[in-house]
Amino acid sequence: MTDMRAFHDEMDRWVVDDHGGDTARELAVDLGLRTAVLVEGPSDLAAVETLAARRGRDLAAEGVCVVSMGGAMSIARYAELLGPPGLGLRLTGLCDKREQGFYERGLRRAGAPDRDFFVCVADLEDELIRALGPARVEETIAAEGDLRPWQTFLSQPAQHGRPRQQQLRRFLGTKKGRKIRYGTLLVEALGADRVPEPLDALLASL
């Protein structure tokens, strides 16, 4: 059986090599891919895949690949390779409101509609924190053994007087790998009726 990881590896190569792509095309056919979910980074990817698993869905078996682009500035390149000019997949995903115009231009250049992209106010971490509430997020931090780093972070002068939600969002990005880990943990902590609207709408659209 063709491995989705192999497809991701080929996509990473194709992004930097204009002459690549043949193997990625073959793998896409073997996998039966029909949809690419474009997200900015690995923490977003973790959140999407975790929510799908919670809902009993196997995205790969459904012909859906979730692709971490390594930043919003890569949207035009990924839309070109995965969308109508490239593999011809349906494109969907998440974007931050401040990047919405950039996404719209990149998708337009690739001939892909932007209506299937769902907008987070700040970013997905912010959406998850607001959905759970700061107290529940702090409980998750404590349960993960990160209470001491969190308390040390709060003692920094730059954090004094800042709203708790902003502090939490900043804390998640202060250590490599933490955002990815909490992308999974915060989704797992959500009640079924508390899933942020952009994430819920994305999964419902697949």
Q: Considering only heavy atoms from C-beta outward, does the side chain of Leu172 approach that of Ile129 to under 4.5 Å?
A: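 They are in side-chain contact.
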
Q: Output yes when a side-chain donor or acceptor of Thr92 lies under 3.5 Å from a complementary backbone atom of Val37, and no otherwise.
A: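 Side chain of Thr92 to backbone of Val37, a donor-acceptor pair under 3.5 Å: no, none is there.
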
Q: Do Asp200 and Arg55 meet the salt-bridge criterion of a basic N to acidic O distance under 4.0 Å?
A: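 Here Arg55 pairs with Asp200 in a salt bridge, since their nearest N and O are under 4.0 Å apart.
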
Q: Keeping Arg54 on the side-chain end and Leu190 on the backbone end, is there a donor-acceptor pair under 3.5 Å?
A: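 Between the backbone of Leu190 and the side chain of Arg54 there is a qualifying donor-acceptor contact (under 3.5 Å).
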
Q: What do you reckon, is CZ of Arg109 surrounded by more than 12 foreign heavy atoms closer than 6.0 Å?
A: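 No, the 6.0 Å shell around CZ holds no more than 12 heavy atoms from other groups.
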
Q: Within the structure provided, determine whether Leu87 and Leu33 are in side-chain contact (heavy-atom separation under 4.5 Å).
A: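 Side chain of Leu87 against side chain of Leu33, heavy atoms only: no contact under 4.5 Å found.
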
Q: I want to check something: taking the side chain as every heavy atom from C-beta on, are Met4 and Phe7 in contact at a cut-off of under 4.5 Å?
A: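 Side-chain contact under 4.5 Å: yes.
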
Q: Gln167 and Arg164: side-chain donor and acceptor closer than 3.5 Å?
A: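 The answer is yes; a qualifying pair exists.
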
Q: Would Ile141 and Val137 satisfy side chain to side chain contact (heavy atoms under 4.5 Å, CB included), going step by step from the backbone distance to the final call?
A: CA-CA 6 Å; Ile141 288 171; Val137 177; 4.2 Å; yes

Q: Sub-3.5 Å donor-acceptor pair from the side chain of Arg34 to the main-chain atoms of Glu62, do we have one?
A: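 Yes; judged by distance alone, with no hydrogens or angles, the pair exists.
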
Q: Between Arg90 and Ser205, is there a side-chain heavy-atom distance shorter than 4.5 Å?
A: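 A side-chain contact under 4.5 Å exists here.
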
Q: Could you walk me through whether Glu40 and Cys95 satisfy the side chain to side chain contact (heavy atoms under 4.5 Å, CB included) test, starting with their C-alpha distance in whole Å, then the side-chain angles of each, then the deciding distance to 0.1 Å, before giving a yes or no?
A: CA-CA 7 Å; Glu40 282 196 35; Cys95 73; 5.5 Å; no

Q: Apply side chain to side chain contact (heavy atoms under 4.5 Å, CB included) to Leu206 and Arg57, showing your working.
A: CA-CA 10 Å; Leu206 298 176; Arg57 298 183 60 179; 3.5 Å; yes

Q: Under a 3.5 Å threshold, yes or no: a donor from one side chain and an acceptor from the other, between Ser43 and Glu125?
A: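 Glu125 and Ser43 do have a side-chain donor-acceptor pair below 3.5 Å.
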
Q: Against the six-membered ring of Phe171, is Arg178 placed for a cation-pi contact (under 6.0 Å from the centre, within 45° of the normal)?
A: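 Yes, Arg178 and Phe171 form such a contact.
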
Q: Verify the cluster assignment for Leu51 and Leu38: are they in a single hydrophobic cluster under the rule of side-chain heavy atoms below 4.5 Å apart?
A: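 Leu51 and Leu38: separate clusters.
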
Q: Does the pair Glu104 and Arg108 meet the rule for a side chain to side chain contact (heavy atoms under 4.5 Å, CB included), with working shown?
A: CA-CA 6 Å; Glu104 289 172 351; Arg108 193 180 307 123; 4.0 Å; yes

Q: Just by distance, do the side chain of Asp146 and the backbone of Pro149 share a donor-acceptor pair under 3.5 Å?
A: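 Such a contact is absent between Asp146 side chain and Pro149 backbone.
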
Q: Check whether any side-chain heavy atom of Trp150 sits under 4.5 Å from a side-chain heavy atom of Leu154, and report yes or no.
A: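 Answer yes - side chains close enough.
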
Q: Answer yes if Val67 and Met73 sit in the same cluster of Ile, Leu, Val, Met, Phe, Trp and Tyr residues linked by side chain heavy atoms under 4.5 Å apart, and no otherwise.
A: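 Yes, one cluster joins them.
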
Q: Considering the options Val187, Leu203, Val64, which one meets the side-chain contact (heavy atoms from CB on, under 4.5 Å) requirement together with Val48?
A: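 Going through the options one by one, the only one that passes is Leu203.
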
Q: Does a salt bridge link Asp126 with Arg130, judged by any charged N lying under 4.0 Å from a carboxylate O?
A: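 Salt bridge: yes.
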
Q: Do the non-hydrogen side-chain atoms of Leu107 and Phe117 ever get within less than 4.5 Å of each other?
A: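 They are in contact (side-chain heavy atoms under 4.5 Å apart), so the answer is yes.
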
Q: Among all residues two or more places apart in sequence or in another chain, which pass the salt bridge (charged side-chain N to carboxylate O under 4.0 Å, His left out) test with Arg25?
A: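 With neighbours one apart ignored, the set is empty.
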
Q: Rounded to the nearest 0.5 Å, what separation is found between the CG atom of Leu94 and the CZ atom of Phe118?
A: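 Reported to 0.5 Å precision, the distance equals 8.5 Å.
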
Q: Just by modelled atom types, is the Ala46 backbone N or O under 3.5 Å from a matching donor or acceptor in the Thr50 side chain?
A: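 Answer holds: yes.
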
Q: Would you say the side-chain atoms of His160 pair up with the backbone N or O of Ser155, donor to acceptor, closer than 3.5 Å?
A: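 At least one qualifying donor-acceptor pair exists.
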
Q: Just by distance, do the side chain of Glu127 and the backbone of Val121 share a donor-acceptor pair under 3.5 Å?
A: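 It does hold such a pair.
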
Q: Minimum heavy-atom separation for Ser68 and Pro42, please, with both atom names.
A: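 Smallest heavy-atom distance, with atoms named: OG-N, 3.3 Å.
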
Q: Before you tell me yes or no, could you show the steps for Lys179 and Asp44 under salt bridge (charged side-chain N to carboxylate O under 4.0 Å, His left out), namely the whole-Å CA-CA distance, both residues' side-chain angles and the distance that decides it to 0.1 Å?
A: CA-CA 9 Å; Lys179 281 180 69 172; Asp44 302 320; over 6 Å; no

Q: Just by distance, with hydrogens left out, do Gln159 and Arg162 show a side-chain donor and acceptor under 3.5 Å apart?
A: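 Looking only at side-chain atoms, Arg162 and Gln159 do form a donor-acceptor pair, the distance falling under 3.5 Å.
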
Q: Are Asp123 and Arg169 close enough that some pair of their side-chain heavy atoms sits under 4.5 Å apart?
A: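 Of all side-chain heavy-atom pairs linking Arg169 with Asp123, at least one is under 4.5 Å.
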
Q: Do the non-hydrogen side-chain atoms of Ile75 and Glu99 ever get within less than 4.5 Å of each other?
A: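 When only atoms from C-beta onward are counted, Glu99 and Ile75 do not touch, as no gap falls below 4.5 Å.
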
Q: Answer yes or no: does atom CZ of Arg5 have more than 12 heavy-atom neighbours from other residues, nucleotides or ligands under 6.0 Å?
A: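 Buried by this count: over 12 neighbours within 6.0 Å.
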
Q: Under the 3.5 angstrom rule, does the side chain of Asp96 hit a backbone N or O of Arg98 as a donor-acceptor pair?
A: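 No, because the side chain of Asp96 does not come within donor-acceptor range (under 3.5 Å) of the backbone of Arg98.
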
Q: For Phe153, does its backbone N or O pair with a side-chain atom of Arg170 as donor and acceptor, under 3.5 Å?
A: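 Judged by distance alone, no pair lies under 3.5 Å.
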
Q: Apply side chain to side chain donor-acceptor pair (under 3.5 Å) to Glu26 and list each qualifying residue two or more places apart in sequence or on a separate chain.
A: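 Per chain and number, Glu26 pairs via side chain to side chain donor-acceptor pair (under 3.5 Å) with no residue.
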
